[in-house]
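Written out below as structure tokens is the structure these notes cover.
Just so it is clear, the values below take in all heavy atoms, side chains as well, and ignore hydrogens, waters and symmetry mates. Nothing fancy with the numbering, it's 1 onward along the sequence.
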Amino acid sequence: MKAVAITRYLPIDREDAFVDVDLPKPAPAGRDILVAVKAVSVNPVDTKVRRGGGDAVEDPPRVLGWDASGVVEAVGPDVTFFKPGDEVFYSGDITRAGSNSEFQLVDERIVGAKPATLGFAEAAALPLTTITAYESFFDRLGIDRDGADAGQSLLIIGAGGGVGSIGIQLAKAAGLTVIATASRPETSAWVTELGADHVINHREDMVAQVRALGIEFVDHIAIFNDMRHWATAVELIRPQGGIVSIDNTDAPMPMADMKTKAASLHWEFMFARAKFETPDMEEQHRLLNHVSAEIDAGRIRTTLETVLNPINAANLRKAHALIETGTAKGKVVIETFE
């Protein structure tokens, strides 16, 4: 089967940062399904993994990619959720071979039914960011998905990226008042289009901007870029409120004011359930199906912004380079093997 892989961990300006390869087609066992991949999306985690292996050499070549949509080709003997011919979308498991290949094995418990109203490219833009935002809000912060916490405030720091773009929509569907941060006119327009109630600039004094809205403290905060905003988040979180972050950091994080406020800090890593095969691993299947239904009902939209074609080494390099600029809004998708 065709695949795009790495043999070494290289800067994206190297022509051999990705290579086109032929690999054996895998066969499903247990609860795995074999998916014929139709489209893939590129996320910051892809670029971090591609850069993070030091001088290691991958032999056989390593396939990256943790966002895909496609069609079920075959199923393992213990599969109950899917059958051949089903259209699916998923993010996958960071400990296994990724989605940048014609066929991929993935555990059915972290796979959802593709929205019927979306094409494969539009669907591939969603899984990783959707799972991350959903788990951040509803599993980590404990916000009620179905509206019991309507009217509460949520500050999304770094709202213009992939996670923030779907996060705004999930939060609005739950009835929250969303304060989104963006630093450029085009991302400010983007988050407003997605439903943010207020937009502030995270490159300026966020505390002053929030207070200017007449809001002293916010109920919930999601840090969807990096932890340089930690002190601001601590200042703005309400007593007994919660902060969730997707950033791994070695930066200092003073906790005295968190203790004084009895506020909570949560980490979100959407690969944790699959990596550790947690007892609730199946929740990712359920949440993807829920969001799929919301999309088909017209309450949530895809966050696709850029499409490249076909899936090959050259276009993977282009996509990674775009993500590494840190200025991409929405999602970058590559579709179709030739």
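Remark: Asp107 does not engage Arg96 in a salt bridge, criterion side-chain N to carboxylate O under 4.0 Å. Salt bridge present: Arg50 and Glu324 bring a charged side-chain N and a carboxylate O closer than 4.0 Å. Between Arg109 and Glu282 no salt bridge is recorded (no basic side-chain N to carboxylate O distance below 4.0 Å). Between Arg140 and Glu135 there is a salt bridge, with a side-chain nitrogen of the basic residue lying less than 4.0 Å from a carboxylate oxygen of the acidic one.
For the pair Pro310 and Asn315, the minimum side-chain heavy-atom distance is below 4.5 Å. Here the side chains of Ile110 and Ser91 are not in contact, with every heavy-atom distance at 4.5 Å or above. Residues Ile295 and Leu126 are in side-chain contact: their nearest non-hydrogen atoms beyond the backbone lie under 4.5 Å apart. Between Val75 and Pro84, the closest side-chain pair of non-hydrogen atoms falls below 4.5 Å. Two residues are said to be in side-chain contact when any heavy atoms from C-beta on lie closer than 4.5 Å; Leu141 and His266 meet this criterion. Within the 4.5 Å cutoff, side-chain heavy atoms of Phe271 are placed close to those of Val45. For the pair Val106/Asp93, no side-chain contact is recorded, criterion being any heavy-atom separation below 4.5 Å from C-beta on. Between Leu316 and Ile334 there is a side-chain heavy-atom pair separated by less than 4.5 Å.
The cluster map of Ile, Leu, Val, Met, Phe, Trp and Tyr, joined by side-chain heavy atoms under 4.5 Å apart, puts Phe89 and Phe103 in different clusters. Neither Leu10 nor Val63 shares a network with the other; the hydrophobic side chains, linked directly or stepwise wherever heavy atoms of I, L, V, M, F, W or Y lie under 4.5 Å apart, form separate groups for each. A continuous path of ILVMFWY side-chain contacts below 4.5 Å connects Ile246 to Val191, so both sit in one hydrophobic cluster. One hydrophobic cluster, built from ILVMFWY side chains closer than 4.5 Å, cannot hold both Leu128 and Trp267; they sit in different ones. Clustering ILVMFWY residues whenever any of their side-chain heavy atoms sit less than 4.5 angstrom apart, transitively, puts Met1 in a cluster other than the one holding Ile311.
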Problem set entry | Audit row: Leu170, Ile300, side chain to side chain contact (heavy atoms under 4.5 Å, CB included) steps and yes/no | CA-CA 8 Å; Leu170 291 175; Ile300 294 175; 3.6 Å; yes
Problem set entry | Thr187 and Arg184: CA distance, side-chain angles, deciding distance, side chain to side chain contact (heavy atoms under 4.5 Å, CB included) verdict | CA-CA 5 Å; Thr187 49; Arg184 294 176 292 123; 3.2 Å; yes
For this session: Determine, stepwise, if the pair Met258 / Ile243 fulfils side chain to side chain contact (heavy atoms under 4.5 Å, CB included).
Result: CA-CA 10 Å; Met258 289 288 284; Ile243 301 170; 3.8 Å; yes
Problem set entry | Trace of the side chain to side chain contact (heavy atoms under 4.5 Å, CB included) decision for Trp66 with Leu64 | CA-CA 7 Å; Trp66 293 284; Leu64 308 184; 3.8 Å; yes
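Sorted by first and then second residue, the pairs that involve residues 284-326 and meet ring-ring contact (aromatic ring centres under 6.0 Å, His included), not counting sequence neighbours, are Phe18-His320, Phe81-His285, Phe82-His285. Legend: salt bridge (Lys or Arg N to Asp or Glu O under 4.0 Å) pairs involving residues 65-74, not counting sequence neighbours, sorted by first then second residue: Lys25-Glu73, Asp67-Lys331. The ring-ring contact (aromatic ring centres under 6.0 Å, His included) contacts involving residues 32-57 comprise nothing, where partners must be two or more places apart or lie in separate chains. Identified under the ring-ring contact (aromatic ring centres under 6.0 Å, His included) test for residues 198-217, with sequence neighbours left out: His202-His229.
Among Gln169, Glu294, Glu193, the single residue meeting the side chain to side chain donor-acceptor pair (under 3.5 Å) criterion with Arg301 is Glu193.
Interatomic distance, Tyr90 OH to Gln104 CD, rounded to the nearest 0.5 Å: 3.5 Å. Leu287 contributes atom CG, which lies 5.5 Å from atom CD1 of Ile131 (distance to the nearest 0.5 angstrom).
At least one donor-acceptor pair under 3.5 Å links the side chain of Asp296 to the backbone N or O of Thr117.
More than 12 heavy atoms of other shown residues, nucleotides or ligands fall within 6.0 angstrom of atom CD in Glu204. More than 12 heavy atoms of other residues, nucleotides or ligands lie within 6.0 Å of CD in Glu186, so this atom counts as buried by the packing criterion.
Contacts of Lys114 classified as salt bridge (charged side-chain N to carboxylate O under 4.0 Å, His left out), with partners at least two apart in sequence or in another chain: Glu87.
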For residues 208-215, run the donor-acceptor check on the side chains, cut-off 3.5 Å, and write out each pair with its distance to 0.1 Å, sequence neighbours left out.
from, atom 1, to, atom 2, distance (Å)
Gln209, OE1, Asn201, N, 2.9
Gln209, NE2, Asn201, O, 2.9
Gln209, NE2, Asp205, O, 3.1
Arg211, NE, Glu216, O, 2.7
Arg211, NH2, Glu216, O, 3.1
Arg211, NH2, Glu235, OE2, 3.2

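Remark: the Tyr134 side chain and the Gln284 side chain contain no N/O donor-acceptor pair separated by less than 3.5 Å.
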